[in-house]
Amino acid sequence: QKEVEQNSGPLSVPEGAIASLNCTYSDRVSQSFFWYRQYSGKSPELIMSIYSNGDKEDGRFTAQLNKASQYVSLLIRDSQPSDSATYLCAVNGNAGNMLTFGGGTRLMVKP
Amino acid sequence: KAGVTQTPRYLIKTRGQQVTLSCSPISGHRSVSWYQQTPGQGLQFLFEYFSETQRNKGNFPGRFSGRQFSNSRSEMNVSTLELGDSALYLCASSREGNIQYFGAGTRLSVL
């Protein structure tokens with residue numbers, strides 16, 4: 001059974017701080033890793049994708065991947081109240097498109 | 001460019017009925033995946049269609065089925081509805097390269 005694990009939170013950070021979200025996965029053959037943001041009552045929205053070990057930065061977001069430790073993280077710098085949402089880690093190891101999602105981490109950014 | 005379109009947005013059915021949900025992918029996307037999201041189980045993969053063929057299948061009973069048409073539009077059918085089928089059903093489309101973009105979802109309530 002392929003698993004993706006996330007701390008459900010809530011993770012509470014003050015406005016302007018760095019939010020750090022973590023995810024571990026069990027399937028060593030996983031190739032593609034994604035972070036989605038989901039606001040309450042809305043559908044998931046892609047934030048970042050990462051495929052190789054190391055860091056990938058896009059604006060205020062940095063994704064980090066360590067395949068040896070089977071670990072993916074997302075850093076959000078200068079957190080804003082509008083970043084308050086559930087962040088979903090997703091992993092794809094198959095041919096085709098079959099994402100396995102973690103349970104999500106609820107982030108709360110307090111003004 | 002239009003996003004992924006799902007219809008209808010909301011559905012109310014009673015136990016034992018069947019339901020058909022529709023998904024129109026982003027233009028040029030040939031892969032369509034379906035997911036079920038519930039508070040208890042989170043986001044779970046149902047199946048993926050590519051070029052009118054089911055390419056991947058999740059761990060759901062045979063009451064859940066789907067198909068894809070030559071224009072890449074996809075439908076998902078659930079027969080003999082159960083209370084536990086109440087969920088947000090999400091469709092995602094992708095080119096090869098497996099970044100999936102989600103539609104707004106169809107919220108199904110089974111009474």
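- From B/Phe102, atom CZ reaches atom CG of A/Leu99 across 6.0 Å, with rounding to the nearest 0.5 Å.
- Following chains of ILVMFWY side-chain contacts shorter than 4.5 Å, one cannot reach A/Leu75 starting from A/Leu88, and the two form parts of different hydrophobic clusters.
- For B/Tyr35, the side-chain hydrogen bond (donor to acceptor under 3.5 Å, both in side chains) criterion is met by B/Gln100, not counting sequence neighbours.
- With hydrogens and angles left out, the side-chain atoms of A/Asn97 and B/Ser33 include no donor and acceptor closer than 3.5 Å.
- B/Gln44 does not touch chain A: none of its heavy atoms, backbone or side chain, sits under 4.5 Å away.
- Between the side chain of B/Glu48 and the backbone N or O of A/Met98 there is no donor-acceptor pair closer than 3.5 Å.
- Residues B/Phe64 and B/Leu88 are members of separate hydrophobic clusters, defined by side-chain heavy-atom contacts under 4.5 angstrom among Ile, Leu, Val, Met, Phe, Trp and Tyr.
- Clustering ILVMFWY residues whenever any of their side-chain heavy atoms sit less than 4.5 angstrom apart, transitively, puts B/Tyr89 in a cluster other than the one holding B/Phe45.
- Heavy atoms of B/Leu43 lying under 4.5 Å from chain A belong to its backbone as well as its side chain.
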message: Under the criterion side-chain contact (heavy atoms from CB on, under 4.5 Å), I'd like the reasoning laid out for B/Ile99 against A/Phe34: C-alpha separation, chi angles, the key distance, then a yes or no.
response: CA-CA 8 Å; B/Ile99 292 179; A/Phe34 306 90; 3.9 Å; yes
Donor-acceptor pairs under 3.5 angstrom involving side-chain atoms of residues 43-50 of chain A: please list them, not counting sequence neighbours.
from	atom 1	to	atom 2	distance (Å)
A/Ser43	OG	B/Gly103	O	2.9
A/Glu45	OE1	A/Arg37	NE	3.4
A/Glu45	OE1	A/Arg37	NH2	3.1
A/Glu45	OE2	A/Arg37	NH2	3.4
A/Ser49	OG	A/Lys56	NZ	3.3

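- One hydrophobic cluster, built from ILVMFWY side chains closer than 4.5 Å, cannot hold both B/Trp34 and B/Phe50; they sit in different ones.
- With a threshold of 4.5 angstrom between heavy atoms, A/Gln31 does not approach chain B through any atom at all.
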